[in-house]
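I have placed the structure first, in the form of structure tokens, so that the comments after it can refer back to it.
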Amino acid sequence: TIYYFCTSERAKNTAISLLPIIGWMKTYSFKEWLLNDILSGVSTGLVAVLQGLAFSLLASIPTWYGLYAAFFPVIMYFFLGTSRHISVGSFPVLSLMVGAVVTRLVPDEGLPANITAFEGLTKEEQRVLVSASLTFLVGLFQLGMGLLQVGFIVMYLSDTLISGFTTAAAVHILISQLKFVLGLTVPGFSGPLSIIYTLESVFTQITSTNIHDLVTSIVVMVMVLGVKEINDRFKSKLKVPIPIEIIMTVIACGVSYAFNFSENHGVDVVGKIPNTFESPIAPSLQVFQMAAVDAFPIAIVGFAVAFAVAKVYSVKHDYVIDGNQELIAFGASNIFGGAFKSLAASTALSRSAVQESTGGKTQVAGLLSAIIVLVVILGIGFLLEPLPKSVLGAVVIVNLKGMLMQVVTVPYLWKKDRPDCIVWVGTCLAAIFLGLDIGLAVGLGLELLTVVFRAQFPRCSVLANISGTDIYRDRKDYVNIYEPEGVKIFRIPSPIFFANIDFFRDKLKDVGFNPLRILRKRNKAVKKMKKLLKKGELTLTSVRLESEDESNMEDLDKPTDYSDLPIQVNWNAELPANIQVPPVNIHSLVLDFSVVSFLDISALKGLKAIKEFIRINVDVYIVGCDPYIIEKLRNCKFFDDEIKTSIFFLTIHDAMLFINESHPPKTVSEKVMKTFGDCTTETFFN
């Protein structure tokens, strides 16, 4: 019978793990941190307002719903999140992925998907319903993964894959914003080659460009890029970065209002922003069915990006984040936000950088940024109504600089790690041309292939001794290095399993000979010598060896039988009767198992091949082997009369000391004798 006890300590630990706010609020220093959090919250809130408006364009929904993503998810994350520095809210890549689903189910041209909940709704309301339902479903996936403790899943998204994927997303975002920058009416496309169709539509209408939109966008981009460069260059001297995006937004609103850009010049503006929150809605189950395949990668990407950013700041400020709790926090945040028509939430590196660089210490800064968003929604949102959408498009494009500049890592990856470079390029190209969802799947496939390739074909190496030390390294990497005479040291740099055991067996031939071939040759030679001795014909006369088809191959693979041979054969000397057997120039083989973490049954059977070396009088030693592997070898009856447990040593140096004692290195005079000694027919006797 199993009994479960609920003690006060256990209840306390459970509460703190589910509500991390309890833990850090107990140590919150109002005197030292509150002012910094207020300053950071105000700065982050202003940036969040602008990015919320801008990123909602990527999702093809009205701009004010982007503001909801900077409010509702932030409130939930304040209580459940473990990171103290990330700024929760809209993220351009997620917004774009949501927008792909929105335009697929509710296209600009043609009829929407057959969804019962669409009845009686305008196209705009239908898109909001799809976005909210998708956000809710993303939250369910994240919450479910968090409760199932599968936060480790993010480990399968390498930095290389995420870099290539986000670069491709940045290209998609850039192309999607061209219609706002140029003031064109371009329908939304989704699916493979959607980027090509979008570019085709843009270029066919290029002569209809709205000059006012274009000039406004160029001015905003130049100013924002210039001031951001100043912020980066003088960040050590600036207590707070110059909020150039906010400044340009205010100026653009003023100019647009003064000259009535909307009426006089046909500029598309943000328009009316409701000064109240809309009522919560229930998600559509039909949208769940149609978007489930899209929701899962959105959930994974959103969490992976947020967790990566959170990990950077946790290391910098020396605190611990919990991946599973982060999944729960983002899942609950997106469920809560989806119920109130919010966009899918994650974090944006630029916004988190603002929150951290302006002195934010905890998520109190995040809560204050949500209050700033609340003030904008309920109080001063009307001031943003004349803001041209081209300005928002320009702000989005400028914020893509960091993601687009990741392309400069390709030459570096090509020089340093080509499999990683293939993953980057393959993921990027697939995501650009086939869509972000398919691109992510292709990237994961390529990444798994590289793992298989690295495990199946690892870089095996022959080691040698660094002069004057007990250190052994790859002989190709050092100049002042020598190989012990008569010894080959072979490093196996990965686990050994069914997929790579044949590769390792082939690699062992790098010692300079094929042991099985030599064993067969020796057995043939012994048979021939027995036959000649029996007939009394052991002379120097040329005698042909039996061909392989005249011998029993199974007998030839067995240990050499010297029972009826009244001599001991020196296989490295000249043999009589023109018998030719390749010489073996080593007496010991050392296998370095220090990085072998596991063996499977196929590997155990394959390792029996070391018997081939033992049968030709080459001693085999295994060093650095994990006790777990030795125990497994013992349990699987690996050891027998030929392979003994005495072959194991702790280090290469220990094995070499034993080998040098068993096979003392030859003196100079012995080497000279070997080189110039008399080679007679008797030399095959010892």
Side-chain angles (χ1 to χ4, degrees), residues 46 49-68 95 99 102-103 106-109 121-128 173-188 198 201-224 243-278 341 373 375-398:
L46 293 174
V49 168
L50 184 58
Q51 290 188 349
L53 293 171
F55 296 160
S56 62
L57 299 179
L58 300 172
S60 301
I61 59 176
T63 51
W64 62 86
Y65 291 105
L67 297 178
Y68 294 174
S95 299
V102 168
T103 54
V106 188
D108 289 324
E109 299 174 354
L121 300 180
T122 64
K123 178 174 290 189
E124 190 176 271
E125 291 170 336
Q126 291 173 350
R127 291 189 163 186
V128 171
I173 293 168
L174 174 63
I175 300 302
S176 71
Q177 295 307 291
L178 290 178
K179 64 180 180 180
F180 298 110
V181 170
L182 301 175
L184 303 175
T185 302
V186 178
T198 301
S201 181
V202 168
F203 284 113
T204 53
Q205 302 179 57
I206 197 72
T207 55
S208 303
T209 299
N210 188 312
I211 299 300
H212 296 83
D213 275 321
L214 180 60
V215 171
T216 301
S217 300
I218 292 174
V219 170
V220 170
M221 284 190 283
V222 170
M223 290 297 297
V224 172
I244 184 60
E245 294 163 317
I246 305 300
I247 294 171
M248 294 306 297
T249 299
V250 172
I251 293 173
C253 281
V255 172
S256 176
Y257 179 77
F259 292 96
N260 198 3
F261 274 11
S262 178
E263 297 293 335
N264 297 336
H265 304 291
V267 172
D268 193 11
V269 297
V270 170
K272 185 171 179 59
I273 297 179
N275 60 353
T276 183
F277 288 112
E278 297 185 15
K341 305 180 182 179
V373 175
V375 171
V376 171
I377 293 173
L378 300 182
I380 61 175
F382 67 93
L383 296 176
L384 296 172
E385 291 178 2
L387 178 64
K389 289 185 178 179
S390 56
V391 173
L392 296 177
V395 169
V396 170
I397 291 174
V398 168

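Bear in mind that the values here come from a model prediction, so they are computed numbers and not experimental data. Computed over heavy atoms, backbone and side chain alike; hydrogens, waters and symmetry mates excluded.
By the neighbour-count criterion of 12 heavy atoms within 6.0 Å, atom CE of Met221 is densely surrounded, having more than that number from other residues, nucleotides or ligands. Environment of NZ in Lys123: crowded, with over 12 heavy atoms of neighbouring residues, nucleotides or ligands closer than 6.0 Å.
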Output, in order, the C-alpha distance, side-chain angles, deciding distance and verdict of side chain to side chain contact (heavy atoms under 4.5 Å, CB included) for Ser390 and Asp268.
CA-CA 8 Å; Ser390 56; Asp268 193 11; over 6 Å; no

Residues Leu184, Leu178; criterion side chain to side chain contact (heavy atoms under 4.5 Å, CB included); working and verdict:
CA-CA 8 Å; Leu184 303 175; Leu178 290 178; over 6 Å; no

Quick one, Asn210 with Leu214, criterion side chain to side chain contact (heavy atoms under 4.5 Å, CB included). Give me CA distance, side-chain angles, the key distance, then yes/no.
CA-CA 6 Å; Asn210 188 312; Leu214 180 60; over 6 Å; no

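A pairwise comparison of heavy atoms in Ile273 and Trp64 identifies CG2-CB, 3.9 Å as the closest pair. Contact detail for Ala54 and Val396: the closest heavy-atom pair is CB-CG2, 3.3 Å. For the residue pair Ile246 and Leu46, the shortest heavy atom distance occurs at CD1-O, 3.2 Å. Closest heavy-atom contact between Thr276 and Leu378: CA-CD2, 3.8 Å. Closest of all the heavy-atom pairs between Val181 and Gly393 is CG2-C, 4.3 Å. The two residues Leu58 and Ser176 have their closest heavy-atom pair at CD2-OG, 3.4 Å.
Looking at Leu392 and Val270, their side chains come closer than 4.5 Å, going by heavy atoms from C-beta outward. Glu278 places a side-chain heavy atom less than 4.5 Å from the side chain of Tyr65. In this structure the side chain of Lys389 reaches within 4.5 angstrom of the side chain of Leu57, judged on heavy atoms. Within the 4.5 Å cutoff, no side-chain heavy atoms of Val269 are placed close to those of Leu387.
Note: Glu109 CD to Thr103 OG1 = 12.0 Å, rounded to the nearest 0.5 Å. Between the CD1 atom in Ile377 and the CG atom in Asn275 there is a gap of 10.5 Å [rounded to 0.5 Å]. Separation of atoms CG (Leu384) and NZ (Lys272) is listed at 13.0 Å; rounding is to 0.5 Å. Here the CD atom belonging to Gln177 is positioned 6.0 Å from the CD1 atom belonging to Ile397, to the nearest 0.5 angstrom. Considering OG1 of Thr209 and CD1 of Ile211, their distance stands at 6.5 Å, rounded to 0.5 Å. Taking CD1 of Ile218 as the reference point, atom CG of Asp213 lies at 11.0 Å (rounded to 0.5 Å).
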Exercise answer: donor-acceptor pairs, residues 253-266 side-chain atoms, under 3.5 Å, sequence neighbours excluded:
from   : atom 1 : to     : atom 2 : distance (Å)
Ser256 : OG     : Pro386 : O      : 2.6
Asn264 : ND2    : Phe259 : O      : 3.1
His265 : ND1    : His212 : NE2    : 3.1

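Under a 3.5 Å cut-off, the side chain of Ser201 and the backbone N or O of Thr198 do not form any donor-acceptor pair. A donor-acceptor pair under 3.5 Å links the side-chain atoms of Gln205 to the main chain of Thr185, judged by distance alone. At least one donor-acceptor pair closer than 3.5 Å links the side chain of Ser56 to the backbone N or O of Thr63.
A salt bridge links Asp108 with Arg127: the distance from a Lys NZ or Arg NE/NH1/NH2 to an Asp or Glu carboxylate oxygen falls below 4.0 Å.
Remark: the Thr122 side chain and the Gln126 side chain contain no N/O donor-acceptor pair separated by less than 3.5 Å.
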